[in-house]
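As structure tokens, the structure follows; a few thoughts come after it.
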Amino acid sequence: MFVAWALLSGLGSVLHTVEFVEDLEGLKARSVTPGTFFLEASDGKFTDEDLNEEGNAFARTYFKFEGDGFLSDY
């Protein structure tokens with residue numbers, strides 16, 4: 001779900017915004033589920049290549065296990 005949110009929020013890398021734009025369009029149109037998109041477009045692997053610089057900075061900050069962020073939201 002995070003990957004789908006990030007990509008739909010403009011945090012995706014050129015891998016998704018240019019090279020695999022058709023897959024991203026399916027996600028935007030809600031014609032494919034986030035899970036299916038993730039498995040098909042990323043082979044089920046989430047790496048720093050999936051996000052742009054801003055997206056990676058957000059992920060590094062948000063998913064730290066200390067302070068406010070993912071755990072406090074969870």
Side-chain angles (χ1 to χ4, degrees):
M1 296 297 266
F2 171 75
V3 176
W5 170 83
L7 296 178
L8 294 175
S9 297
L11 300 176
S13 70
V14 296
L15 177 69
H16 295 290
T17 60
V18 175
E19 295 181 33
F20 297 108
V21 71
E22 289 178 15
D23 293 325
L24 187 57
E25 289 301 319
L27 187 63
K28 287 179 183 176
R30 306 296 198 260
S31 62
V32 63
T33 66
T36 298
F37 170 85
F38 185 64
L39 289 173
E40 291 177 357
S42 300
D43 293 326
K45 300 174 194 112
F46 176 57
T47 69
D48 61 349
E49 293 178 355
D50 290 304
L51 301 177
N52 61 23
E53 188 175 324
E54 181 182 8
N56 281 311
F58 174 82
R60 276 191 302 275
T61 301
Y62 186 66
F63 288 104
K64 283 185 179 179
F65 287 104
E66 61 272 345
D68 290 334
F70 171 73
L71 289 179
S72 63
D73 286 344
Y74 184 72

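This is a predicted model, so every value here is computed, not measured. In this chain, residues are counted from 1 in sequence order.
The shortest heavy-atom contact between G12 and L7 is CA-CD2, 3.3 Å. Nearest approach of R30 to L8, heavy atoms of both residues: NH1-CD1, 3.5 Å. Closest of all the heavy-atom pairs between V32 and L27 is CG1-N, 3.4 Å. For A59 against L51, the heavy-atom pair with the smallest separation is CB-CD1, 4.2 Å.
One finds the CG atom of D50 at 10.0 Å from the CZ atom of F20 (value rounded to the nearest 0.5 Å). How far CG of D48 is from CZ of R60: 8.5 Å, rounded to the nearest 0.5 Å. Interatomic distance, D23 CG to L15 CG, rounded to the nearest 0.5 Å: 9.5 Å. Atom CD of residue E54 and atom OG of residue S13 lie 13.0 Å apart, to the nearest 0.5 angstrom. Here the straight-line distance linking atom CG of L11 with atom CG of N56 works out to 9.0 Å at 0.5 Å rounding.
For S42 (side chain) and G44 (main-chain N/O), no donor-acceptor pair under 3.5 Å exists by modelled atom type. In terms of modelled atom types and a separation under 3.5 Å, the side chain of D43 and the main chain of K45 share no donor-acceptor contact.
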Side chain to side chain contact (heavy atoms under 4.5 Å, CB included) evaluation trace for V14 with T17: CA-CA 5 Å; V14 296; T17 60; 4.2 Å; yes
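Taking the six-membered ring for Trp and thresholds of 30 and 60 degrees, F2 and F58 have nearly parallel ring planes, at less than 30 degrees apart.
Under a hydrophobic clustering in which Ile, Leu, Val, Met, Phe, Trp and Tyr are joined whenever their side-chain heavy atoms come within less than 4.5 Å, directly or via other members, L24 and V18 fall into different clusters. Transitive grouping of hydrophobic side chains (ILVMFWY, heavy atoms separated by less than 4.5 Å) keeps Y62 and M1 in distinct clusters.
Partners of F37 under the ring-ring contact (aromatic ring centres under 6.0 Å, His included) rule, at least two apart in sequence or in another chain, are H16.
When side chains are defined from C-beta on, T33 does not count as touching F38, because their heavy atoms never get closer than 4.5 Å.
In this structure, E25 places its CD atom where more than 12 heavy-atom neighbours from other residues, nucleotides or ligands lie under 6.0 Å away.
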